[in-house]
Amino acid sequence: MVTKTPKKATKTSSAKTTSTAKATASKATATKATAAKATATAKATVPADYKAQVASFKEKVLNHLRTTIGTSPEKASKLAWWQAVVATVNEDIFGRLTDTQSTHAKNDARAVHYLSAEFLMGRLTINNLTNLEKFDIARDALKEFGLDINDVCEEEPDMALGNGGLGRLAACFMDSLATCKYPCVGYGIHYENGLFRQEIRGGKQVERPDSWREYGSPLEVCRPESIQNVPLGGYVDTQTAPDGTVTSVWHPSSIIKGVPWDIPVVGFRGASVAILRLWESRSTEQFNWDVFNAGGYVDAQTEKSLAETISKVLYPNDSTEAGKELRLTQQYFFCACSLRDILRRYNRSHHHDYSDFAKKIAIQLNDTHPTIAIPELMRLLIDEEGLSFAEAWKITSETFNYTNHTLLPEALEKWPVYIFEKLLPRHLQIIYEINYHFLNEVVEKKWPGNNEMKSKLSIIEEGDCRKVRMANLCVVTSGKVNGVAKIHSKLVKEDLFPEYAEIWPNKFCNVTNGVTPRRWLLSCNRGLAQLYNEVSGKDWPLNLDLCEKLKPYAKKADYQKRFMDIKRANKEVLAKTIKELVGVEVSPDAMFDVQVKRLHEYKRQHLNLLYIMSLYKALLENPDLDIPAQVFIFGAKAAPAYTLAKDIIFAINAVGAAINNDVRIKNKLKVVFLPNYRVSLAEKIIPAADISEQISTAGYEASGTSNMKFAINGALTLGTMDGANIEIVEKAGIENNFIFGLSVEEVQALKPHYNPWDYYNANHELKSILDWLDTDYFTPGQPGALSSIKRSLLDGGDPFLVLADFESYKDAHHRAQQMFKDKARWAEAAMINSATMGMFSSDRSMNDYSRDIWNLKSMDVK
Ligand code: 26Q
């Protein structure tokens with residue numbers, strides 16, 4: 001069933017983020033015969049029962065308000081209204097969920113199990129309404145109560161159970177799996193506290209806890225019937241029988257309870273409903289009497305309180321933190337719960353006959369974070385199900401696949417062996433055994449007698465502190481290992497794991513990342529979505545390639561105006577948000593230049609800052625400089641212990657304050673840092689961007705995914721040839737974007753003998769900007785407050801080649817400014833970018849995984 005958008009509803013939209021867009025857009029439409037025809041068609045397809053649907057939705061909300069929430073329309077808070085809306089939408093979702101699950105069970109469907117320590121879901125209500133094509137109905141129903149749907153849904157806290165790209169990717173994948181009807185379960189951790197809430201005080205980041213479900217969330221259901229018990233700690237008793245067979249019995253010191261919470265994820269048009277199952281840890285009163293009697297009472301008590309801590313908080317780093325015991329416990333906890341859940345479901349129809357296990361179950365490891373699932377499956381099959389090591393290994397190695405998301409050496413997880421001995425002694429034995437077979441059968445056969453090769457490829461790193469190399473365990477076990485963009489996958493194969501690729505050349509593959517067009521276009525940019533409805537038909541959210549139909553119009557003045565009017569309206573909305581959040585007045589006519597992502601040296605927010613300083617300096621020297629007015633917008637969280645990253649945030653705020661208050665430069669330049677960047681803020685920022693800053697040092701950003709969201713929404717990429725930027729400009733044309741900087745090969749060639757001082761000494765402007773950081777110009781009375789940035793770029797050796805790319809970056813900005821002055825040319829480039837992003841739909845990613853890695857078929861739900 002398809003719900004068509006009624007003309008009236010569109011025109012009278014009270015949606016905060018789109019009303020102006022639509023008003024402006026419909027003005028443009030009226031003047032154009034073709035577009036007017038399209039609108040007429042849209043009007044003609046309004047279902048006759050639309051009014052009845054609004055009335056029915058209204059009645060349901062009212063009913064839930066009274067009988068589910070226990071309040072009345074007179075007394076209800078916004079929160080209560082939101083809860084009533086969720087209860088109403090849940091009626092639809094849970095019915096479809098039951099249908100999906102019984103269809104899969106009846107057909108004993110092969111399914112993928114996506115294991116991820118992070119799922120950055122953001123808000124779900126508007127997304128669910130959008131996917132059920134009930135947004136307009138809900139909006140009009142709430143309007144009749146005098147409520148604005150966007151206001152009401154602002155009550156929903158973001159579900160921020162992830163750090164950044166990797167977590168958000170998992171969320172987009174869930175949306176696509178449901179939409180493409182692939183049987184699946186997402187497994188993760190039910191963190192009590194998601195990623196910290198960022199406040200900015202005196203220009204500095206302050207971290208505050210994020211309690212997203214303090215009073216419970218109506219978007220999840222607890223499933224006590226599927227609770228799992230997970231063992232931890234203790235010791236292994238190894239016995240050799242007279243016939244020589246060795247048995248190992250693990251005597252764990254404590255048992256932790258895993259409580260599952262299910263979050264249904266509804267696909268577009270309700271195609272199917274995927275389940276995200278997140279595990280919460282609780283303590284049990286159970287601890288092992290062996291350990292207790294042997295004097296381990298205190299240990300058992302410590303582990304009891306640990307149980308309550310496991311799912312308390314998400315680690316706020318997006319690169320590995322050295323060997324924290326709690327982090328490994330988190331990883332093991334959710335993997336062990338998930339595997340038990342998978343085995344329980346499998347055995348309902350297979351009764352402990354494991355011969356079909358790998359035929360029915362695919363498991364995807366989202367980075368190395370869930371690697372411990374590998375020895376855990378081995379252990380369950382050997383110790384609890386009685387299979388031999390060889391049998392268990394065959395099944396395990398046919399079940400797992402691994403996605404790599406980073407080449408940064410410090411981000412490749414390695415766990416000290418002593419931590420394993422303490423927490424997971426039996427798993428360590430199994431890892432040793434896997435390693436033994438790998439080194440003596442595989443490596444020895446390929447490179448006989450080559451001990452150097454053995455130590456290089458070993459799962460165990462030798463040294464003062466022996467370590468388990470999780471990525472090596474993943475590669476040895478997995479059927480497929482994939483990177484997340486073409487260039488990244490090439491580097492994974494050729495630079496990170498070249499010897500493994502010699503052994504198993506076909507193991508390595510690429511699946512370029514994608515983003516869900518439902519959230520990142522249909523729902524966050526209703527103005528542009530309406531334009532696509534008219535030129536591409538209403539199926540573009542299911543087939544983003546249909547957006548190509550806009551391309552022939554990219555040179556047409558009327559369509560350019562329509563497109564840029566939509567952008568302008570989105571910029572007005574963002575300008576208002578900026579004013580509310582940080583009190584800075586910005587003009588929607590200025591060029592909005594945006595860099596939003598985690599703060600990292602390799603992402604080079606400081607390169608952007610140095611450029612802004614150079615622009616400011618040029619404007620001070622000549623306030624009438626012929627450049628368009630520009631607003632530089634930042635959003636970024638820094639890992640709490642990452643000092644330089646925090647210094648960069650402080651510097652952006654300090655430089656921004658000086659610039660924003662300097663009347664001499666006549667409002668030509670503004671710099672805003674929006675606090676607490678998160679999914680719901682991204683949904684407001686991205687549709688309003690003119691320029692998308694994607695400026696990582698080439699070779700360091702595995703893919704990037706905001707680059708795709710920006711381009712879909714008509715921003716031009718100002719970026720390096722890194723990650724998915726390469727594939728984006730391949731589609732949208734290098735002439736429609738601003739590419740700069742060293743290539744991967746050039747970075748690799750320069751790095752060994754790079755000396756940042758050469759650039760400092762040779763480039764007068766660069767020198768003066770860096771020296772400016774040492775003064776108290778931006779931090780009155782506090783000279784040196786910004787010096788750490790300069791120091792890292794000179795004494796620190798500038799590890800990410802900021803100074804080397806500075807001139808080229810400046811030139812890219814210059815080209816962008818020139819193009820921005822030519823409104824028609826800019827509109828054309830923006831439209832081509834948006835229209836050519838079809839391949840960056842996460843539906844395409846899921847189809848690639850299903851075909852090349854999971855061998856998975858989609859299944860219609862009855
Ligand atoms: C590991 C151990 C201990 C504590 C934290 C972590 C940890 C947590 C999160 C390590 C890494 C992450 C997240 C990494 C991440 O987001 N990577 C990004 O993944 C995106 C999706 O593939 C890519 O687009 C980005 O290029 C990549 O940086």
Side-chain angles (χ1 to χ4, degrees), residues 1-2 89-115 119 128 131-133 173-188 219-228 258 260-279 337-364 373 377 380-381 385 395-396 398-401 479 542 842-843 846-847 849-862:
M1 183 198 63
V2 180
V89 186
N90 278 352
E91 283 185 26
D92 261 17
I93 294 177
F94 281 95
R96 285 164 207 256
L97 170 65
T98 316
D99 295 345
T100 305
Q101 296 196 326
S102 54
T103 302
H104 294 166
K106 210 183 304 152
N107 293 288
D108 192 17
R110 174 172 171 80
V112 66
H113 302 79
Y114 198 83
L115 266 55
F119 286 91
N128 289 343
N131 277 5
L132 291 167
E133 295 191 301
F173 282 2
M174 291 305 296
D175 184 273
S176 285
L177 286 165
T179 296
C180 302
K181 299 176 282 190
Y182 288 115
C184 64
V185 186
Y187 281 113
L219 296 157
E220 54 179 11
V221 246
C222 190
R223 301 280 193 206
E225 69 275 21
S226 300
I227 282 174
Q228 301 295 343
W261 293 85
D262 285 357
I263 293 120
V265 178
V266 61
F268 189 58
R269 292 178 183 156
S272 80
V273 179
I275 272 296
L276 174 59
R277 176 160 281 191
L278 303 180
W279 300 98
C337 289
S338 307
L339 283 174
R340 276 166 177 72
D341 204 48
I342 292 169
L343 260 59
R344 177 187 55 83
R345 205 172 304 117
Y346 174 83
N347 282 325
R348 272 202 287 215
S349 42
H350 294 264
H351 316 289
H352 299 266
D353 169 0
Y354 286 93
S355 49
D356 279 344
F357 190 81
K359 289 197 192 95
K360 294 295 176 187
I361 311 285
I363 300 180
Q364 190 65 31
L377 180 59
L380 290 169
L381 294 176
E385 302 291 322
I395 292 168
T396 302
E398 285 171 358
T399 300
F400 283 97
N401 299 291
L542 284 176
S842 45
D843 298 351
M846 287 299 88
N847 291 330
Y849 275 96
S850 298
R851 190 191 55 240
D852 301 340
I853 298 179
W854 301 331
N855 185 26
L856 191 63
K857 299 271 170 294
S858 77
M859 185 172 278
D860 286 332
V861 173
K862 293 271 151 45

Subject >> Step-by-step side-chain hydrogen bond (donor to acceptor under 3.5 Å, both in side chains) determination, Asn128 to Asp92 >> reply: CA-CA 10 Å; Asn128 289 343; Asp92 261 17; over 6 Å; no
Original post:
Should Leu542 and Arg269 be marked as a side-chain contact (heavy atoms from CB on, under 4.5 Å) after you check the CA-CA gap, both sets of side-chain angles, and the distance that decides it?
Top reply: CA-CA 9 Å; Leu542 284 176; Arg269 292 178 183 156; 3.7 Å; yes
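Looking only at side-chain heavy atoms (C-beta outward), Ile263 and Met174 stay at 4.5 Å or farther from each other. Inter-residue side-chain proximity for Tyr114 and Cys184 is flagged as unmet; no heavy-atom pair is nearer than 4.5 Å. Two residues are said to be in side-chain contact when any heavy atoms from C-beta on lie closer than 4.5 Å; Leu278 and Glu220 fail this criterion. Two residues are said to be in side-chain contact when any heavy atoms from C-beta on lie closer than 4.5 Å; Leu132 and Ile93 meet this criterion. The side-chain heavy atoms of Val185 and Arg345, taken from C-beta on, include a pair separated by under 4.5 Å. Using a 4.5 Å heavy-atom cutoff, the side chains of Leu380 and Arg340 are in contact. Contact annotation: the side chain of Phe119 approaches that of Leu276 to within less than 4.5 Å [non-hydrogen atoms, C-beta and beyond]. Pro260 has its side chain within reach of Ile227: a pair of non-hydrogen atoms, C-beta onward, lies under 4.5 Å apart.
Atom CZ of residue Arg223 and atom CD1 of residue Ile275 lie 6.5 Å apart, to the nearest 0.5 angstrom. Considering CG of Asn847 and OG of Ser858, their distance stands at 8.0 Å, rounded to 0.5 Å. Note that OG of Ser102 and CG of Asn107 are 9.5 Å apart. Values are rounded to the nearest 0.5 Å. With values rounded to the nearest 0.5 angstrom, Asp860 atom CG is found 9.0 Å from Thr103 atom OG1. For the atom pair Leu377 CG and Leu339 CG, the distance stands at 5.5 Å (nearest 0.5 Å).
For the 3.5 Å distance criterion, the side chains of Tyr849 and Asn401 fail to qualify, holding no donor opposite an acceptor.
Ser176 contributes a side-chain N or O that, together with a main-chain N or O of Asp843, makes up a donor-acceptor pair within less than 3.5 Å. Panel note: side chain Ser272, backbone Ala178; a donor-acceptor pair is recorded below 3.5 Å. Of the possible polar contacts, one joining the Arg110 side chain to the Asn855 backbone as a donor-acceptor pair under 3.5 Å is found. A donor-acceptor contact shorter than 3.5 Å is absent between the side chain of Ser842 and the backbone of Phe173.
Residues Ala271 and Lys181 come closest through the heavy atom pair CB-CG, 3.8 Å. Minimum interatomic distance between Tyr187 and His113 (heavy atoms only, all atoms of both residues): CE1-CD2, 3.8 Å. When all heavy atoms of Thr100 and Val273 are compared, the pair lying nearest together is OG1-N, 3.1 Å. Between Trp279 and Ser338, the closest heavy-atom pair is NE1-OG, 3.1 Å. Between Ala109 and Met859 the shortest heavy-atom distance is CB-CE, 3.7 Å. When every heavy atom of Pro264 is checked against every heavy atom of Phe94, the shortest pair comes out as CG-CZ, 3.7 Å.
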Under 3.5 Å, which donor-acceptor pairs link side chains of residues 352-363 to any protein atom two or more places apart or in another chain?
{"residue": "His352", "atom": "ND1", "partner": "Glu385", "partner atom": "OE1", "Å": "2.6"}
{"residue": "Asp353", "atom": "OD1", "partner": "Ser355", "partner atom": "N", "Å": "2.9"}
{"residue": "Asp353", "atom": "OD1", "partner": "Ser355", "partner atom": "OG", "Å": "2.6"}
{"residue": "Asp353", "atom": "OD2", "partner": "Ser355", "partner atom": "OG", "Å": "3.3"}
{"residue": "Tyr354", "atom": "OH", "partner": "Asn347", "partner atom": "ND2", "Å": "3.0"}
{"residue": "Tyr354", "atom": "OH", "partner": "Glu385", "partner atom": "OE1", "Å": "3.1"}
{"residue": "Asp356", "atom": "OD1", "partner": "Lys359", "partner atom": "NZ", "Å": "2.9"}
{"residue": "Lys360", "atom": "NZ", "partner": "Asp108", "partner atom": "O", "Å": "2.8"}

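A salt bridge between Arg344 and Asp341 is present, with a side-chain N of the basic residue lying under 4.0 Å from a carboxylate O of the acidic one.
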